[in-house]
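Below is one structure, written out as structure tokens; the observations come after it.
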Amino acid sequence: MSAQDEIKRLTAPDIRARKGGEPIVSLTSYHAHTARLVDRYCDLILVGDSLGMVMHGLETTVPVTLDMMILQGLAVMRGSKRALVVIDMPFGSYEASKEQAFLNAARVMKETGCGAIKVEGGRRMAETIAFLVERGVPVMGHVGLTPQSINAIGSFRAQGRDEADWPPIEDDARAVTDAGAFSVVIEAVAEPLARRITANVAIPTIGIGGSVACDGQVLVLEDMLGLSPRVPKFVKRYGDLGPSIEAAIAGYAADVRARAFPGAEHVYPMRKKGK
Ligand code: KIV
């Protein structure tokens, strides 16, 4: 490969520069093989803490640990080469103090090589985001529905469906922007509010249950592939892999029981004499 052919990863400043431009395409990934596929089409790969639910069958993202994020983040870095990889900071790894946030974010970046981290929360995280950004950690914000707060908010309900509820969510998006985040996820908020925030903040908004007006979109890969048993309203299913995976497993089980697998082509013959 010549130096000119060399493929460079997108960076947080590249994504930041896309405000108001071509939509930013993003999906989650937690494994090397899916990262390889996602990388071909996406600008940004999010190693989300939704991996707790998707990979580990947890009820919420609350029990997810920093070690889980680092392990899957490493796999995604190995599988991808072009997209910006953003790794979620899990619950309990950044809220106690800005120093705690920096030490853990630095660990994630050093041990995975990812290009940025994501934290949930608006105004309450602004000081921490500014502290991280000043110290070389690119930060993606996350406002609207923040699933790590599920035990405090009580349900995964959409936010801002009454206009009276808009100001705090708008203030959150503004605070994250002013603190220096390079982009912000807007999750499960009323469409006109997501549109309005997008028009009013200077950084790209990445919608998930937001608005088509957002500067980009993100979905959980397994949700859009039809592998998740239950999905929120904002998920469009682009595939239905569950039945084809089940058919493959059923075919394998039937072949093994019928001694039809392995066939002659799948076993090793003895070496021919003299070779
Ligand atoms: O963890 C995750 O997958 C996320 C997306 C929902 C944005 O944070």
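Worth knowing before you read on, the calculation uses all heavy atoms, side chains too, and leaves out hydrogens, waters and symmetry mates. As the structure lists them, so they are numbered: ligands from 1, and atoms in each ligand from 1.
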Checking the N or O distance criterion of under 3.5 Å, is ligand 1 in contact with Asp49? yes
Which protein non-hydrogen atom lies closest to atom 8 (O) of ligand 1, naming both residue and atom, and how far is it? Lys118 NZ, 2.9 Å
Between Asp39 and Arg82, does any NZ, NE, NH1 or NH2 come within less than 4.0 Å of an OD or OE carboxylate oxygen? no
Answer yes or no: does atom CZ of Arg161 have more than 12 heavy-atom neighbours from other residues, nucleotides or ligands under 6.0 Å? no
Would you sort out whether Thr61 and Gln148 count as a side chain to side chain donor-acceptor pair (under 3.5 Å), showing the intermediate values? CA-CA 6 Å; Thr61 55; Gln148 291 176 9; 5.1 Å; no
One finds that the ligand 1 atoms under 4.0 Å from a non-hydrogen atom of Thr28 are 3 (O)
Can you confirm whether more than 12 heavy atoms, excluding those of Tyr252, are under 6.0 Å from its OH atom? no
Is it true that Glu120 lies under 4.0 Å from ligand 1, counting heavy atoms only? no
So the atoms of ligand 1 within less than 4.0 Å of a heavy atom of Ser50 turn out to be 1 (O), 2 (C), 3 (O)
Partner residues of Arg123 under the salt bridge (charged side-chain N to carboxylate O under 4.0 Å, His left out) criterion, sequence neighbours left out: Asp172
Does Ile206 approach ligand 1 within less than 4.0 angstrom via side chain, backbone, both or neither, non-hydrogen atoms only? neither
Taking only heavy atoms of Asp88 into account, list the atoms of ligand 1 that are under 4.0 Å away from them. 1 (O), 2 (C), 8 (O)
